[in-house]
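Structure, as structure tokens:
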Amino acid sequence: MRKTILSAAIGAVVLGLGAQGAAAATLDDVKSKGTLTCGVSTGLQGFSAPDNEGNWSGLDVEYCRAIAAAIFGDPDKVNFVALTATDRFPALQSGEIDVLSRNTTWTLSRDTSLGLDFRTVNYYDGQGFMVPKDLGVSSAKELSGAAVCVQSGTTTELNLADYFSANGMDYNPVVYEQLEDVNNAFNQGRCDVYTTDQSGLYAIRLTLTDPDNYVILPEIISKEPLGPAWRQGDDQWGDVVSWVHYAMLNAEEFGITSENIDEMAESSDNPGIKRLLGTETDSKLGADLGLDEKWAYNVIKLVGNYGEVFDKTVGTGSPLKIDRGLNALWTDGGLQYGPPIR
């Protein structure tokens with residue numbers, strides 16, 4: 001009996017160690033290869049888009065850079081992989097990428113049947129409609145019979161069908177897999193309406209031949225919580241990705257920016273700030289994540305707090321000039337809320 005109990009105990013320890021090793025797989029792999037492989041869109045201004053020299057920028061890109069800063073202390077140690085809406089989940093499932101940061105909506109089915117995990121929302125969005133001004137409509141309820149451009153393999157396509165069915169309207173879907181093909185079709189007048197996340201509509205309108213000739217209708221027909229995803233079962237990696245976001249939110253709430261961070265680190269007596277920036281004596285919060293104690297300092301110093309990143313990519317400091325709205329901090333009436341780092 002004693003031998004049986006001892007064997008069972010040893011087996012439990014071995015299984016526990018095996019599970020711990022599996023959970024740490026992605027972080028260990030990323031550290032080993034010396035770079036983060038991040039899945040992004042094929043090109044959506046404000047979120048992830050390359051310039052003529054192949055340099056990527058946007059909100060989702062900055063999150064990839066922030067994760068790299070937390071791990072390596074260098075935000076440039078990222079390899080960006082451009083993925084279509086159809087390709088993005090297989091690329092993550094297969095291990096082709098380490099994390100997906102690609103304006104992806106968190107849904108129940110994606111969180112369960114696809115073997116993926118979500119925890120944070122870096123942009124609260126909702127699906128809308130864009131039409132030419134000369135179409136003469138002011139509401140989505142007037143779109144019955146319209147030809148609607150939509151990207152395949154997205155929640156957008158499903159929401160579109162739900163909305164028209166619920167409102168007893170007919171429509172003609174004009175479907176393309178590649179975002180560029182959807183844009184071109186709308187720009188060339190092959191459809192009357194363009195539907196996607198409202199933030200995407202603001203970005204896409206800037207790429208049209210005459211942006212001033214188009215209007216975004218007021219209706220928001222869905223909830224689109226956008227955020228990074230990773231493979232299920234990789235809990236330590238999920239912690240790293242999530243707490244990078246929370247660190248950026250806490251920094252904004254504390255008033256810590258990429259510009260004043262050194263002054264705050266040196267002079268602040270606030271225990272919360274000291275824990276966040278790794279200046280608290282005997283802090284082991286970084287070690288608990290598998291990182292060093294300057295992980296959050298490096299994120300904020302090298303990439304910025306959430307407000308800084310939002311402003312320069314999609315907010316008032318960007319061509320899109322989108323208001324914070326739901327993406328304001330909870331202290332300002334928004335939904336962005338960072339759990340305490342302690």
Side-chain angles (χ1 to χ4, degrees), residues 41-49 51 57-60 84-85 103 105 123-224 226 310-328:
S41 75
T42 54
L44 180 62
Q45 188 170 351
F47 288 86
S48 50
D51 62 19
S57 64
L59 182 70
D60 291 331
T84 67
N103 56 295
T105 302
Y123 192 97
Y124 289 94
D125 209 346
Q127 185 173 333
F129 298 94
M130 177 167 59
V131 298
K133 287 182 179 178
D134 60 15
L135 193 63
V137 301
S138 58
S139 169
K141 298 289 181 64
E142 303 172 46
L143 296 178
S144 186
V148 184
C149 276
V150 63
Q151 188 176 15
S152 63
T154 62
T155 56
T156 307
E157 190 177 13
L158 304 176
N159 295 335
L160 174 64
D162 287 349
Y163 181 78
F164 274 77
S165 175
N167 286 283
M169 301 189 299
D170 297 321
Y171 73 103
N172 176 31
V174 182
V175 182
Y176 296 90
E177 179 179 340
Q178 300 288 343
L179 181 64
E180 183 179 358
D181 293 335
V182 187
N183 296 349
N184 289 337
F186 184 66
N187 201 24
Q188 294 167 12
R190 279 182 263 163
C191 46
D192 308 304
V193 185
Y194 195 133
T195 186
T196 189
D197 296 345
Q198 194 171 65
S199 61
L201 294 177
Y202 283 102
I204 292 161
R205 183 167 63 175
L206 294 176
T207 69
L208 300 176
T209 303
D210 192 348
D212 291 336
N213 282 342
Y214 299 90
V215 62
I216 296 171
L217 300 179
E219 285 85 359
I220 300 293
I221 69 167
S222 70
K223 294 181 291 185
E224 305 295 334
L226 309 180
F310 187 99
D311 182 66
K312 73 179 181 181
T313 57
V314 297
T316 56
S318 76
L320 275 65
K321 302 195 181 305
I322 298 174
D323 292 334
R324 285 286 291 267
L326 295 178
N327 293 292

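Side chains included, hydrogens not; waters and symmetry mates left out as well; all remaining heavy atoms used. Given the structure is predicted, the values throughout are model-derived calculations rather than measurements.
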With a 3.5 Å cut-off and sequence neighbours excluded, list the donor-acceptor pairs that the side chains of residues 178-185 form with protein atoms.
| unit_1 | atom_1 | unit_2 | atom_2 | d |
| --- | --- | --- | --- | --- |
| N183 | OD1 | Y194 | OH | 2.6 |
| N184 | ND2 | E180 | O | 3.2 |

Exercise. Any side-chain heavy atom of V174 sitting closer than 4.5 Å to one from C149?
Worked result: yes
Exercise. Do the non-hydrogen side-chain atoms of E142 and V131 ever get within less than 4.5 Å of each other?
Worked result: no
Nearest 0.5 Å, what's the [atom1]-[atom2] distance between [X] and [Y]?
X: L320; Y: T313; atom1: CG; atom2: OG1; value: 8.5 Å
X: T105; Y: L158; atom1: OG1; atom2: CG; value: 10.5 Å
X: L217; Y: L143; atom1: CG; atom2: CG; value: 6.0 Å
X: M169; Y: Y163; atom1: CE; atom2: OH; value: 5.0 Å
X: N187; Y: T207; atom1: CG; atom2: OG1; value: 6.5 Å
X: L226; Y: D60; atom1: CG; atom2: CG; value: 7.5 Å

Problem set entry | Set of side-chain hydrogen bond (donor to acceptor under 3.5 Å, both in side chains) partners for T42, sequence neighbours left out | none
For this session: Can you sort out the partners of S152 under side-chain hydrogen bond (donor to acceptor under 3.5 Å, both in side chains), two or more places apart, ordered by chain and number?
Result: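 Result, side-chain hydrogen bond (donor to acceptor under 3.5 Å, both in side chains) vs S152: none returned.
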Exercise. Parallel, tilted or perpendicular for F164 and F129, by the 30°/60° rule?
Worked result: perpendicular
For this session: Specify whether Y214 and F186 have parallel, tilted or perpendicular ring planes, treating 30° as the upper limit for parallel and 60° as the lower limit for perpendicular.
Result: tilted
Problem set entry | Selection residues 311-326 - residue pairs positive for salt bridge (charged side-chain N to carboxylate O under 4.0 Å, His left out), sequence neighbours left out | E62-K312, E252-R324
Problem set entry | Trace of the side-chain hydrogen bond (donor to acceptor under 3.5 Å, both in side chains) decision for T156 with Q151 | CA-CA 7 Å; T156 307; Q151 188 176 15; over 6 Å; no
For this session: Show your reasoning for whether side-chain contact (heavy atoms from CB on, under 4.5 Å) applies to T155 and S222.
Result: CA-CA 9 Å; T155 56; S222 70; over 6 Å; no
Show the atom names and distances, to 0.1 Å, of all donor-acceptor pairs under 3.5 Å that link a side chain in residues 195-204 to residues at least two apart or in another chain.
| unit_1 | atom_1 | unit_2 | atom_2 | d |
| --- | --- | --- | --- | --- |
| T195 | OG1 | Q127 | NE2 | 2.8 |
| T195 | OG1 | G128 | O | 2.9 |
| S199 | OG | D125 | OD2 | 2.4 |

For this session: Kindly write out the residues that satisfy ring pair (Phe, Tyr, Trp, His ring centres under 6.0 Å) with Y124, not counting sequence neighbours, or none if the list is empty.
Result: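 In terms of ring pair (Phe, Tyr, Trp, His ring centres under 6.0 Å), with neighbours along the sequence ignored, Y124 is linked to no residue.
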For this session: Heavy atoms only: give me the nearest A147-R190 pair and the separation to one decimal.
Result: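 Closest approach of A147 to R190: CB-O, 4.4 Å.
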